[in-house]
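The block underneath contains the structure these notes are about, expressed in structure tokens.
FYI, side chains are in, hydrogens and waters are out, and symmetry mates aren't considered; it's all heavy atoms of this structure.
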Amino acid sequence: MKSTKKNHIQLTNDLLKIALTSLFMTSLLSACGDGGGSSEEKTSVSKEVIVEVPKCLGSKIDDKTSCLEISNRKAILYKDNKETKDGIALFLHGSPGSANKVMGIFDAKMIATQHNLVAVSPEGIVSGWGWLSVNNSASNENSDVEYLTELITKVRSEGNINTDKLYIFGYSAGGFMAYRLACAMPEKITSIVSLAGQFRGNLDACETSTPLAIHHFHSTSDDAVPYNGRSLDSIKSVDDTIELWRINNGCDIDENSQEHVGVTANSSKTITLTYNNCLASVTLSKMSFVPHEAEYISQNLYQIYKYIFDTK
């Protein structure tokens with residue numbers, strides 16, 4: 001009986017030692033992170049490497065896109081791999097807007113590649129309108145005109161460009177500025193395409209007699225920049241804008257009409273009026289049911305104005 005009791009006590013002690021040893025090893029392994037515990041008991045350290053992609057005014061910089069800075073102002077410059085170029089395409093943004101946005105509206109890279117041009121889109125810095133775009137007697141000296149002239153000169157001198165061709169594309173306030181340039185330096189411009197942005201200021205202040213090809217797009221349902229213009233901000237009507245250039249370019253008063261596709265998914269058509277017998281073409285495309293801010297279909301716009309690249 002005593003032997004049995006002694007054996008029982010010994011067995012209990014042995015089991016207790018095993019339990020304590022197991023508990024100790026489990027605690028030790030958990031502390032080392034190897035104990036098979038829950039995810040909260042484990043520590044995992046990982047680092048995610050983030051590579052910064054260089055950009056210029058919202059556009060990624062790569063082997064074809066660069067950032068050009070003049071007078072503390074940046075411009076996106078796009079040039080494909082063909083060394084010699086046939087001219088410059090200048091893209092002017094609206095307000096609020098961006099250089100990257102207007103390049104997207106017109107598909108600047110497609111235009112540059114298709115017509116062997118250097119595409120450049122600068123930033124406007126004037127509060128409210130983005131650009132100093134008013135034509136009046138006091139605007140003969142204009143810092144934006146000077147800046148854009150300097151920018152064009154630099155691009156031409158460094159871009160290996162073998163012609164004087166300059167195409168200006170403006171959206172909204174960028175269109176205002178395009179017409180400002182048309183009055184200030186028409187002899188340097190091949191053609192202007194303005195989308196939803198007309199002449200600002202005093203028509204008599206545009207004293208040029210140099211013919212200049214103009215293609216204007218506008219919707220009669222545009223509430224932000226009305227087709228009929230407004231006295232506030234001195235925005236002239238589209239008809240007054242076109243009439244200025246019809247007279248300047250020596251066009252007949254009559255025009256030809258042609259129907260094109262709509263320039264947005266919700267627009268059914270675009271009616272294009274082209275004046276006859278002009279020294280330089282004057283064309284107005286009336287967009288049907290297109291709001292000012294819209295998802296423009298760049299290829300549809302291009303199909304309407306692409307004839308400008310045939311200008312000698």
Side-chain angles (χ1 to χ4, degrees), residues 56-59 67-78 87-103 105-106 108 118-159 164-208 210 212-214 216 224-225 229 232-236 241 244-245 248:
C56 179
L57 302 179
S59 183
C67 203
L68 182 60
E69 188 166 348
I70 298 175
S71 302
N72 297 317
R73 294 172 68 169
K74 294 180 179 180
I76 302 170
L77 188 142
Y78 177 83
I88 299 171
L90 176 68
F91 298 86
L92 303 175
H93 65 75
S95 181
S98 69
N100 197 42
K101 177 180 176 179
V102 70
M103 290 183 78
I105 289 174
F106 288 104
V118 175
V120 58
S121 187
E123 63 175 339
I125 60 174
V126 179
S127 176
W129 289 108
W131 309 95
L132 295 171
S133 57
V134 177
N135 289 272
N136 55 42
S137 57
S139 64
N140 292 329
E141 295 183 4
N142 183 302
S143 59
D144 273 342
V145 171
E146 293 170 1
Y147 162 69
L148 292 171
T149 300
E150 184 180 0
L151 176 64
I152 293 163
T153 300
K154 186 174 180 64
V155 172
R156 194 176 298 284
S157 64
E158 298 180 358
D164 293 331
K165 290 183 178 180
L166 171 63
Y167 303 93
I168 299 179
F169 298 83
Y171 167 62
S172 189
F176 300 155
M177 191 63 206
Y179 282 117
R180 178 71 187 92
L181 294 175
C183 295
M185 46 181 275
E187 69 285 350
K188 297 180 181 180
I189 303 171
T190 305
S191 184
I192 281 177
V193 176
S194 180
L195 173 61
Q198 56 266 49
F199 186 98
R200 286 186 71 206
N202 183 357
L203 293 168
D204 293 333
C206 186
E207 298 178 346
T208 180
T210 302
L212 174 60
I214 301 288
H216 189 100
V225 181
L232 179 65
D233 304 314
S234 192
I235 300 175
K236 299 303 181 187
T241 301
L244 171 68
W245 293 101
N248 188 74

Open item on the list: With side chain to side chain contact (heavy atoms under 4.5 Å, CB included) as the criterion, how do Ile88 and Arg156 come out once you've worked through the C-alpha distance, each side chain's angles and the decisive distance to 0.1 Å?
Closed with: CA-CA 8 Å; Ile88 299 171; Arg156 194 176 298 284; 3.8 Å; yes

What is the distance from atom [atom1] of [X] to atom [atom2] of [Y], rounded to the nearest 0.5 Å?
X: Ile76; Y: Cys67; atom1: CD1; atom2: SG; result: 7.5 Å
X: Lys74; Y: Glu123; atom1: NZ; atom2: CD; result: 7.5 Å
X: Lys188; Y: Leu148; atom1: NZ; atom2: CG; result: 11.0 Å
X: Ile192; Y: Trp245; atom1: CD1; atom2: CH2; result: 6.5 Å
X: Asn100; Y: Ile105; atom1: CG; atom2: CD1; result: 10.5 Å
X: Phe199; Y: His216; atom1: CZ; atom2: NE2; result: 13.0 Å

Task: Beyond-backbone contact of Thr241 with Ile214, side-chain heavy atoms, under 4.5 angstrom - done: no

Task: Any Lys154 side-chain heavy atom under 4.5 Å of Val120 side chain - done: no

- [ ] For Leu57 and His93, run side chain to side chain contact (heavy atoms under 4.5 Å, CB included): C-alpha distance rounded to whole Å, both residues' side-chain angles, the deciding distance at 0.1 Å, then the answer.
- [x] CA-CA 12 Å; Leu57 302 179; His93 65 75; over 6 Å; no

Open item on the list: Using 30° and 60° as the class boundaries, would you call the ring planes of Trp129 and Phe176 parallel, tilted or perpendicular?
Closed with: perpendicular

TODO: Ignoring hydrogens and angles, tell me if any N or O in the side chain of Ser234 forms a donor-acceptor pair with the backbone of Gly201 under 3.5 Å.
DONE: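 Checking the backbone N and O of Gly201 against the side chain of Ser234, a donor-acceptor pair under 3.5 Å is found.
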
- [ ] Please answer whether the main-chain N or O of Ile235 pairs with a side-chain N or O of Asp233 as donor and acceptor at a distance below 3.5 Å.
- [x]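 No; judged by distance alone, with no hydrogens or angles, the pair does not exist.
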
Closest contact, heavy atoms only, [X] versus [Y]:
X: Thr210; Y: Thr208; value: N-OG1, 3.0 Å
X: Pro122; Y: Leu151; value: CB-CD2, 3.7 Å
X: Pro186; Y: Ala184; value: CD-C, 3.6 Å
X: Leu212; Y: Ala182; value: CD2-CB, 3.5 Å
X: Gly175; Y: Ser194; value: CA-OG, 3.3 Å
X: Gly130; Y: Asp144; value: O-OD2, 4.2 Å

Open item on the list: Here's a test for you: under ring pair (Phe, Tyr, Trp, His ring centres under 6.0 Å), which of Tyr171, Tyr78, Tyr167, Phe169 qualifies with Phe106?
Closed with: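 Checked Tyr171, Tyr78, Tyr167, Phe169 against Phe106; only one passes ring pair (Phe, Tyr, Trp, His ring centres under 6.0 Å): Phe169.
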
Task: Val155 and Leu77: CA distance, side-chain angles, deciding distance, side chain to side chain contact (heavy atoms under 4.5 Å, CB included) verdict - done: CA-CA 9 Å; Val155 172; Leu77 188 142; 3.9 Å; yes

Open item on the list: Within the supplied structure, the quantity of interest is the number of heavy atoms (other residues, nucleotides, ligands) at a distance under 6.0 Å from Glu207 CD; does it exceed 12?
Closed with: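 No, because the 6.0 Å sphere around CD of Glu207 holds 12 heavy atoms or fewer from other groups.
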
Task: side chain to side chain contact (heavy atoms under 4.5 Å, CB included) assessment of Asn72 paired with Ile125 - done: CA-CA 11 Å; Asn72 297 317; Ile125 60 174; over 6 Å; no

TODO: Check whether NZ of the Lys or CZ of the Arg Arg200 lies under 6.0 Å from the centre of the six-membered ring of Trp131 and within 45 degrees of that ring's axis.
DONE: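 The answer is no; the distance or angle limit is not met.
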
